[in-house]
Amino acid sequence: MILCIYESIALIYSDLLTYCKILPSKIGADHLTPLVIYVTIHAKLSFPNAILELILSFIGDQQILSGEVNYYITTWATAVGYITKVTKEGLKKTISKENNTEI
């Protein structure tokens with residue numbers, strides 16, 4: 001499962017480089033996290049929280065993951081947390097703030 005998440009987010013990262021022509025040094029959480037949220041939503045996973053908890057239980061308190069793998073798992077955990085907590089009203093407020101309009 002960790003490998004699947006790693007490869008999926010690595011592919012998103014690669015696509016950012018290829019199609020958006022963003023320099024590798026400029027790609028950070030501001031670019032990557034929204035795309036991971038989008039992909040996670042459209043993946044239609046039945047229980048993303050359960051998958052995340054399973055992965056985290058395998059990792060435990062040990063730092064067995066480091067570097068890029070740890071960053072990607074953390075990014076996916078952030079996406080799952082956002083998807084879990086976002087509400088329709090909260091999303092409308094975020095969109096209206098970004099567009100400076102009322103919805």
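In terms of heavy atoms, I83 sits closest to V86 at O-CG1, 3.6 Å.
Expressed to the nearest 0.5 Å, how far CG of L32 lies from CG of L16 amounts to 6.5 Å.
Listed by chain and residue number, Y6, Y72 satisfy the side chain to side chain donor-acceptor pair (under 3.5 Å) test with E68 (two or more places apart in sequence, or in another chain). Residues satisfying the side-chain contact (heavy atoms from CB on, under 4.5 Å) criterion with L54, sequence neighbours excluded, are S57, F58. Partners of T33 according to the side-chain contact (heavy atoms from CB on, under 4.5 Å) rule, which considers only residues two or more places apart in sequence or in another chain, are A29, I37, T75, T78. Applying the side-chain contact (heavy atoms from CB on, under 4.5 Å) test to V39 and every residue at least two apart in sequence or in another chain returns I12.
Note: the hydrophobic cluster containing L17 also contains L35 (ILVMFWY, side chain heavy atoms under 4.5 Å, direct or indirect links).
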Listing, residues 40-51 side-chain donor-acceptor contacts under 3.5 Å, not counting sequence neighbours, or none:
| from | atom 1 | to | atom 2 | distance (Å) |
| --- | --- | --- | --- | --- |
| T40 | OG1 | V36 | O | 2.7 |
| T40 | OG1 | W76 | NE1 | 3.2 |
| N49 | OD1 | T84 | OG1 | 3.1 |
| N49 | ND2 | T84 | OG1 | 3.2 |

